[in-house]
Each structure stands twice: as C-alpha cells, then as structure tokens.
2 protein chains.
Amino acid sequence: MKQWTTGEVCKQRDISIRTLRYYDQINLLTPSFKDANGRRYYSEDDLFKLEKILLLKSLSLPLENIRDLLDKLSYKQILVSHHNYLQEQLSKLQSSISNTTSLINMMDLEDSLSWEHVVKLVQNSQNPPKKWIDYFQEDEKSFLQGAIPSISNNDKTTHQYILLIQRIEWCIKHNIKAESDEGLQIASALMELSNDTFQGDTELMEQFWEVRKLPAEETGFYPISEEVLEFVERSIAYAETLA
Amino acid sequence: MKQWTTGEVCKQRDISIRTLRYYDQINLLTPSFKDANGRRYYSEDDLFKLEKILLLKSLSLPLENIRDLLDKLSYKQILVSHHNYLQEQLSKLQSSISNTTSLINMMDLEDSLSWEHVVKLVQNSQNPPKKWIDYFQEDEKSFLQGAIPSISNNDKTTHQYILLIQRIEWCIKHNIKAESDEGLQIASALMELSNDTFQGDTELMEQFWEVRKLPAEETGFYPISEEVLEFVERSIAYAETLA
DNA sequence: TATATTAGATGACGTTACGTCACCTGCAAT
DNA sequence: ATTGCAGGTGACGTAACGTCATCTAATATA
C-alpha cells in the first residue's frame, strides 16, 4: 500500500504543511501511520478523507462541524451540497456583476453619483426587481436578449449609446437646438445605431424608446430625462424633413 | 446636512456596529462628527467612503491596504477592478461547477471512486484540458453544445445515458449477452435516446461514439470500457437483424 | 417623580485557521 | 566532518471582527 509524506500531500492538494499538522492537532485528519520519529504518513483513505474535508471547507463550514459531519455524510451527499452551494454563489455573482456594470455605466453618464442611486442598486440586489425585458412579448425576448443595450451590458453598442446621450446632454446644457448641424449628426448616428440594433424593425424600436420613458425602478434602465428624449425625437424629425 | 447614527448605517449596509467601531479604531473610517458623549455621526461623504471600503473588501483586500489606497483610487477605478475580480470568480466558479457535476455523475457509474480519478479532475481544474467538443468541426459545435450529454451535464438526458450504461455493465457482470431480450430492450432505449439527441443525424452519432472510445484525459468524458461499447454495437446490430 | 427601556459607548478578552519563528532530528550527499 | 534537506515540536502572532461586562444619556412609561 502506497503512503505519502506530508510534503507530498501538500504538493498534491496545494495546501501548507502547517495545515496538515493543524488538522492532525485538532483531530480532524490524523495520518494512519506515524513512524518512530513522529513523521506522518498518509494512506489513500486518508487522502479521500482530506478531499472530503476540503470540499466541506469550501462550503465555508467551520472545521469543528466538519469533524462531526465527516463520517455521517457520504461522498455523494457532500458533492451534491457542494454543487448546490456553487450554484447559489453563481447566481449571486451574476447579479453582482450586472449591478457593478450598471454602476460603471452610470458613472459615464453622471460625473458624480448621487448616494441614493448607489444605495438603491445595491439594495435591489437582494430581491431582483422586475426586469426591463419583461415589458416585451415572450417571442421577442430571445431576439432582444442579446441585441438591446441595457445598462447592465457593457458591450460596445452600449457604450456608443452612452456617448450619444452624453453628447445630447451637452447640447442641452449649451442651449444647442435639435434643429442644428450637431443635432443632425446626432440624429444620423442614432439612426445608424438603432438600425444596427433593431435590424429595421421600427415597431420594436419605438417600443424600446417608450420603455425608456418609464422610471428607472421599473425598467432597470438608467432613466433618460424627458429633455433628452425630446431632443432625440426632434433631431430625428428634423433630419427627416431634410431627407 | 443629514447625518446618520451607527445603528442607522448598520441597517443600511447590513454590517455590525462592531465593524463600524473597528473601522474607526484602526483609522479606516472615522465619522466626520462625534458629539460630546462620543456618539458617532456619519455624513453622506462618510457613507460613500464606506461603500468604497466595502467594495475593496470584497476584492479580499486587507483593510490596511484599503486604508492606503482609498484616497488614491477613484470610484470608477474601484468599480472596474471589482468588476474584473467578479468576472474571474465567475469563470472559476463555472469550472468548479462543471467538475463537481462530473464527479457526481461518475459516482453513479462507479460505486467507489478511485483516488486517481478524483485527483485528475481536481488538478485539471487549474489548466483546463482540451475539451471534448474540440474534436468536432466548428459548424457542428453550436448544435452539439446543448444537445450532447457530456459528463459535465446533469440534465435528464445525461442521467438516462448513465442509467443505460449501468444496465449494460450489470448485463456484462451477469454474463447476459447482447443478443437477448434484455439486449433488445437496451438497444431500443439507446436508439430512442440517440434519435432524440442527434435528430436523425447518423454521421454525428457515429462520431459521438467514436470519440467516447478515446481515453478520458483527452475527451473529458468518463471513459466507456471496450466491453460496454461492444455490447452497444452488438445489441444494436442484433436489433436490426430482427427488424 | 421614579424607573425601565433603548441606543449608544468603552475596554478587554475570545475566536478561527492557520503563518511564522526558533530550534531540534535523522539521513543522504559533498 | 559538515552541509543540506525534509521532517518534527512548541509558542507566539494575525485579521477582522464577536462577545461580554459595565457605563451613560435620553426617552417612555407607571
């Protein structure tokens, strides 16, 4: 029967010698053989037990509980609960990522974030709100899912939308009207982007802008002000009169 | 200017009073105002700072480093690195989940796991091996991705495959030939399953069984023994002679 | 008015899962 | 003869708080 020394076990499982000695000390994993000089030798069974321990530890179970549970749980039970734990972590991570992306994108829109925005986003992460996509029909969802730039989406398209909205906000601040050269440029950029996104489906596109008028809590979008929406509509209308 | 007491802040951010006092103690977050009785009052700026701290803490940065970094990093920098961190966690989690699923499925096939199987799987999780899907053509991948039951897939189809393989192993152990009633039943169940999976594409199906003959390290599959594969082929051949 | 409750404060010690350090041993190689 | 290495044993240190005993000021209730 092959046996392993502390050093060998450490390398295999990437843990420290101290850890093994500690587990021996607290009677969690005692090597099945100790020679006259006190050197520890681990059997294959010991390694299985160690594996169980590490799995249970990854559930952030305290070592004391692990010691009590170890013999009562089968390998499979441990693996299954480990699996469930990982799944839960996964969904938490995903919502965390989406919230972080939202915040980052928001920072591009506002120079300084208001405290309330941040709090709302972080608090909402507990019980996720109605998602904007729910405002559309079932059969449209699959298409929208990838195509529409929600604020939780940090791809290139989203960024371009954000840049355009910034540009519009700049225009409003500097009293530049939608019916101007700048307005024309914005309108054509917007139309090109929209065309890319909606592939010519004008009805979907209009629905999209309608939804963006709703307050942020309901849609998950960063709310676009009435002023910006008006600028969009007027600049596009102006562009169409010239065409 | 609104101010918040310790208790209020604790509830908002779901941390303990002790934590706030500790942060004060180590000079990480000192409330901007203390009254004559030593009661702490936090301003909006303080709350922003706390938010930064909690974000950096979630990167598992030690508090001491956080204190040094806090003024040097903008909110956005923090958010972006937080985002990167989360992404990394996500991919780790995903491979962890897939490995765990593999192990669980393996346990259905073997009553006792051999130590070497476990070690290989856990070690491979560091640098992911060639994936089985790479054995197919690019344009076939998208179809295969969802349809084929790899061992890292715990859906219903996978489970049915595993049950069938267990049944075949049972037959082999009890010396029941492929050319028997039991063999016939297995063959028809297999064919039905394969039809579901491959939607009649027999060429893909044959490739699939070919790949399963390769050793596990290369494919990521649980290796099917020659005996089982032979049983499969013979039982199907037998079924076809009777049809 | 007396008192009970609440929301805060301050030491001081405890906790987990090890890291780190000083020092000791048996054995192989130089 | 000594050097290096892989292992050992206390003993103390660490991070980020939890917990406990005790104290204080303000408010609510009898």
Side-chain angles (χ1 to χ4, degrees), chain A residues 2-43 46-47 49-70 78 82 85 89, chain B residues 2-43 46-47 49-70 78 82 85 89:
Chain A
K2 176 122 181 55
Q3 295 191 122
W4 291 268
T5 67
T6 43
E8 285 162 1
V9 176
C10 291
K11 267 172 210 159
Q12 272 186 57
R13 309 275 66 223
D14 196 30
I15 53 181
S16 76
I17 281 198
R18 182 65 175 91
T19 301
L20 278 180
R21 284 207 273 260
Y22 181 63
Y23 289 174
D24 188 2
Q25 190 184 323
I26 65 169
N27 259 308
L28 176 59
L29 180 68
T30 47
S32 50
F33 178 64
K34 271 192 188 186
D35 76 6
N37 311 315
R39 295 168 102 91
R40 280 163 257 255
Y41 293 94
Y42 293 87
S43 72
D46 293 338
L47 293 188
K49 205 170 166 187
L50 175 58
E51 195 56 39
K52 272 191 180 182
I53 292 169
L54 295 180
L55 271 174
L56 288 171
K57 194 159 81 84
S58 71
L59 308 180
S60 31
L61 237 76
L63 296 186
E64 206 189 321
N65 296 352
I66 295 183
R67 186 177 43 202
D68 300 339
L69 273 169
L70 209 50
I78 293 177
H82 181 55
Y85 173 77
Q89 294 302 100
Chain B
K2 176 127 181 50
Q3 295 193 123
W4 291 267
T5 67
T6 44
E8 285 162 1
V9 176
C10 292
K11 267 173 210 158
Q12 271 186 60
R13 311 275 66 225
D14 196 29
I15 54 183
S16 76
I17 280 199
R18 182 64 173 91
T19 301
L20 277 180
R21 283 206 273 258
Y22 180 63
Y23 289 174
D24 188 2
Q25 190 184 322
I26 66 170
N27 258 309
L28 176 59
L29 179 69
T30 46
S32 50
F33 178 65
K34 272 192 189 185
D35 74 7
N37 312 315
R39 295 168 102 90
R40 279 163 258 257
Y41 293 93
Y42 294 86
S43 71
D46 293 338
L47 293 189
K49 206 171 166 185
L50 175 59
E51 196 56 38
K52 272 191 180 183
I53 291 170
L54 295 180
L55 270 173
L56 287 171
K57 194 158 82 83
S58 72
L59 308 179
S60 34
L61 238 75
L63 296 187
E64 205 187 322
N65 296 353
I66 294 182
R67 186 176 43 199
D68 299 341
L69 275 167
L70 209 50
I78 293 177
H82 181 55
Y85 172 79
Q89 294 302 100

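For the numbers below, each heavy atom of this structure counts, side chains included, while hydrogens, waters and symmetry mates do not. Chain letters run A, B, ... following the sequence lines, proteins first and then strands; every chain starts at 1.
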Toward the 5' end of DNA chain C, by each residue's nearest nucleotide, A:R21 or B:G7: B:G7
note: A:D35, atom CG; D:dT9, atom P; distance rounded to Å ~ 11 Å
Taking the side chain as C-beta and beyond, is there a heavy-atom pair between B:R18 and B:Q25 under 4.5 Å? yes
Rounded to whole Å, please give me the gap between CG in B:N27 and P in D:dA15. 16 Å
From CD1 of B:I53 across to P of D:dC17 the rounded distance in Å is 11 Å
Can you see which heavy atom on B:L63 is nearest to which on B:K57, and at what distance? CD2-CD, 3.7 Å
Could you check how far CD of B:Q25 sits from P of D:dA15, rounded to whole Å? 13 Å
B:E8, CD atom: more than 12 neighbouring heavy atoms under 6.0 Å: yes
Remember a base hit wins even if backbone is also touched, and classify B:Y41 as base, sugar-phosphate or nothing at under 4.0 Å, heavy atoms. nothing
Choosing from D:dG18, C:dT10, C:dC18, which nucleotide comes nearest the side chain of B:S16? D:dG18
Give A:R40 one of three labels, base, sugar-phosphate or nothing, depending on what nucleic acid heavy atoms sit under 4.0 Å from its own. sugar-phosphate
Kindly say if B:K34 contacts the phosphate of C:dG8, meaning a side-chain N or O under 4.0 Å from OP1 or OP2. no
A:T19 side-chain N/O to C:dA17 phosphate OP1/OP2 under 4.0 Å: no
Would one find a side-chain N or O of B:T6 under 4.0 angstrom from OP1 or OP2 of C:dA9? yes
Looking only at N and O atoms, is any donor in the side chain of A:R18 or the base of C:dG19 less than 3.5 Å from an acceptor on the other one? yes
If I take atom CZ in residue B:R67 and atom C1' in nucleotide D:dA15, what distance separates them, rounded to the nearest angstrom? 13 Å
Report yes if at least one side-chain N or O of A:Y23 is closer than 4.0 Å to OP1 or OP2 of C:dC18; otherwise report no. yes
Is any NZ, NE, NH1 or NH2 atom of the basic residue among B:D46 and B:R40 found under 4.0 Å from an Asp or Glu carboxylate oxygen of the other? no
Of D:dA16, C:dG19, C:dA7, the nucleotide closest to the side chain of B:R39 is C:dA7
Atom-pair distance (CD on B:E8; P on C:dA7), nearest Å: 11 Å
Between A:K49 and A:L70, is there a side-chain heavy-atom distance shorter than 4.5 Å? yes
Considering only C:dG26, C:dA17, D:dC17, which nucleotide approaches the side chain of B:Y22 most closely? D:dC17
Considering non-hydrogen atoms only, spot the tightest contact between B:Y85 and B:S58 and give its length. CE2-O, 3.1 Å
Please work out if B:L63 contacts a base, only the sugar-phosphate, or nothing of the nucleic acid, heavy-atom cut-off 4.0 Å. sugar-phosphate
Rounded to whole Å, the CD-P distance (B:E64 to D:dA16) equals 9 Å
Within the structure, does a side-chain N or O atom of B:K57 lie under 4.0 Å from either OP1 or OP2 of D:dC17? yes
Gap between atoms CD1 and P, on A:I26 and C:dA17 respectively (whole Å): 7 Å
